[in-house]
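A quick write-up on the structure given underneath.
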2 protein chains.
Amino acid sequence: MSTPERLIESTRELLWERGYVGTSPKAIQQHAGAGQGSMYHHFSGKPDLALAAIRRTAEEMRATAEASLSGDGSAYERVAGYLLRERDVLRGCPVGRLTMDPDVIASDTLRAPVTETLEWLRERLAAIVQEGLDQGEFSPALDAREIASTIVATVQGGYVLARSTGSPEAFDAGVRGLLALLAPR
Amino acid sequence: MSTPERLIESTRELLWERGYVGTSPKAIQQHAGAGQGSMYHHFSGKPDLALAAIRRTAEEMRATAEASLSGDGSAYERVAGYLLRERDVLRGCPVGRLTMDPDVIASDTLRAPVTETLEWLRERLAAIVQEGLDQGEFSPALDAREIASTIVATVQGGYVLARSTGSPEAFDAGVRGLLALLAPR
DNA sequence: GTCTATAAGACGATAGAC
DNA sequence: GTCTATCGTCTTATAGAC
């Protein structure tokens, strides 16, 4: 792997684990096995490198989500597939966690990939829920965009609960509760 | 207000805004209008002061939640009251956000109030949902503890969505979606 | 491209005067 | 109790040799 590649991948891992504020250029360099000069040759500084890392993580998250959402099956089944897919629950969401990073939220550039990814996910889920509504799969009293927001929020909040206890139990419970509420009858 | 009080209150605000990793003793001292020596006279260091601040924030959150949950009305109405109460949505949850702070999660002492508060909330909501189940208010197919997890997760995740867009819209949408799913028929 | 050297300031804390 | 001084380390770079 090339040096810029190693720097980006190291930044992705450290951002996931410690956030932007908690990740120093020095830590990135050590994790990547690169020197100071090497990092500043390829990237203008910490924000530039973080942007490359965040963009890649966001892209990957979209691809992973799309994989569970684009399969066959009813709307409920695809939503269930998304909610029940394997996750590293205790690590949390590498994109969602950045919303708690003050320096990321303060920078329009760094925040953009975060906003876009979560908005894309919400719209993608809303389209599927709307399909379900059109097929009479869900109660007509429901609003597709609202339910999509509930789904994404349950996942993001499930990570918070899981990390607070150090166990995936609360995440799983929240997801099962949501699926029970959504279940077609 | 006494100096220790001002230090604790300043720490609470900075922890809410910037997290533990992003909050320096110096910033706390300046915000509180206290000197270095003053802070280290009253507290043994940053973790000690943060613990006092986190405990108080956790206590306050419990009191606020209890206020919306202990009123009159059906289980659904009390859950709705909790979900729809006024919130500073874009600031997020001062307790939940700490779960994304690596140094808080790494310390059993600092994490304890976070764990306890979110677990208390989940149990408190589970008891109310169980009441609703006993009254035939909700579908008997539902599990009280699961639904309680879904409710807390929706709120915590709603903050993530709101902060990602810089608008409370997604939080409100997620809450409305959940209430529509819960609505007794 | 990568290395080492250097730097101004922040971080988290301690020491000792007042 | 509060103040200033000091400390060793980390942070986020820049400069310039190789």
Side-chain angles (χ1 to χ4, degrees), chain A residues 1-56 97-98 100-111, chain B residues 1-56 97-98 100-111:
Chain A
M1 211 193 275
S2 69
T3 299
E5 272 305 305
R6 288 202 322 278
L7 284 166
I8 291 175
E9 289 302 315
S10 294
T11 305
R12 296 216 301 146
E13 287 190 28
L14 290 169
L15 281 183
W16 196 356
E17 197 173 326
R18 304 206 29 98
Y20 183 84
V21 168
T23 298
S24 70
K26 188 179 182 181
I28 294 169
Q29 292 149 23
Q30 287 175 343
H31 190 279
Q36 298 260 66
S38 200
M39 176 187 137
Y40 285 99
H41 174 75
H42 294 289
F43 300 93
S44 71
K46 178 177 166 176
D48 186 35
L49 179 46
L51 182 59
I54 292 172
R55 279 187 174 146
R56 185 173 296 182
R97 78 148 296 148
L98 297 173
M100 296 303 154
D101 237 304
D103 291 1
V104 171
I105 291 301
S107 156
D108 287 347
T109 313
L110 291 177
R111 190 184 51 208
Chain B
M1 212 195 275
S2 69
T3 299
E5 273 305 306
R6 288 201 322 276
L7 284 164
I8 292 175
E9 289 302 314
S10 294
T11 305
R12 295 215 302 145
E13 286 190 31
L14 290 169
L15 282 182
W16 195 355
E17 197 174 325
R18 304 205 31 98
Y20 183 84
V21 169
T23 298
S24 70
K26 189 180 183 183
I28 294 168
Q29 293 148 24
Q30 287 175 343
H31 190 280
Q36 298 259 62
S38 199
M39 176 186 137
Y40 284 100
H41 174 75
H42 294 289
F43 300 94
S44 72
K46 176 177 167 176
D48 187 34
L49 178 48
L51 181 59
I54 292 171
R55 280 187 174 145
R56 185 173 297 181
R97 78 148 295 149
L98 296 172
M100 298 302 155
D101 237 303
D103 291 2
V104 171
I105 291 301
S107 156
D108 288 346
T109 313
L110 291 178
R111 190 184 50 207

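For the numbers below, each heavy atom of this structure counts, side chains included, while hydrogens, waters and symmetry mates do not. Just so you know, these numbers come straight off a predicted model, no measurement behind them. Naming convention: chains lettered A, B, ... in sequence-line order (proteins, then strands); numbering from 1 in each chain.
Atom pair B:D103:CG and C:dC11:P shows a separation of 14 Å (rounding to whole Å applied). As rounded to whole Å, 13 Å separates atom C1' of C:dA13 from atom CG of B:D48. When rounded to the nearest whole Å, the span between CD1 of B:I28 and C1' of C:dA10 equals 14 Å.
A search for side-chain hydrogen bond (donor to acceptor under 3.5 Å, both in side chains) contacts involving B:R56 returns B:E5, B:E9, not counting sequence neighbours.
If you take CG on A:L15 and CG on A:D101, they are separated by 8.0 Å, rounding to the nearest 0.5 Å. Note that CD of B:Q36 is 8.0 Å distant from NZ of B:K26, once rounded to the nearest 0.5 Å.
Between A:H42 and C:dT2, a side-chain N or O to OP1/OP2 separation shorter than 4.0 Å is present. Contact annotation: B:H41 reaches the phosphate of D:dG1 (side-chain N/O to OP1 or OP2, under 4.0 Å). A sub-4.0 Å separation between OP1 or OP2 of D:dT2 and a side-chain N or O of B:T3 is present.
Taking 4.5 Å as the limit, every side-chain heavy atom of A:L51 sits out of range of all side-chain heavy atoms of A:F43. A heavy-atom distance below 4.5 Å is found between the side chains of B:R18 and A:D103.
Crowding of B:R55 atom CZ: a count of heavy atoms from other residues, nucleotides or ligands under 6.0 Å not exceeding 12.
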(request) Summarise how protein sits on nucleotides 11-18 of chain D as a single string, 5' to 3': B when a protein heavy atom is under 4.0 Å from the base, S for sugar-phosphate-only contact, - for no contact. (result) SBBB----

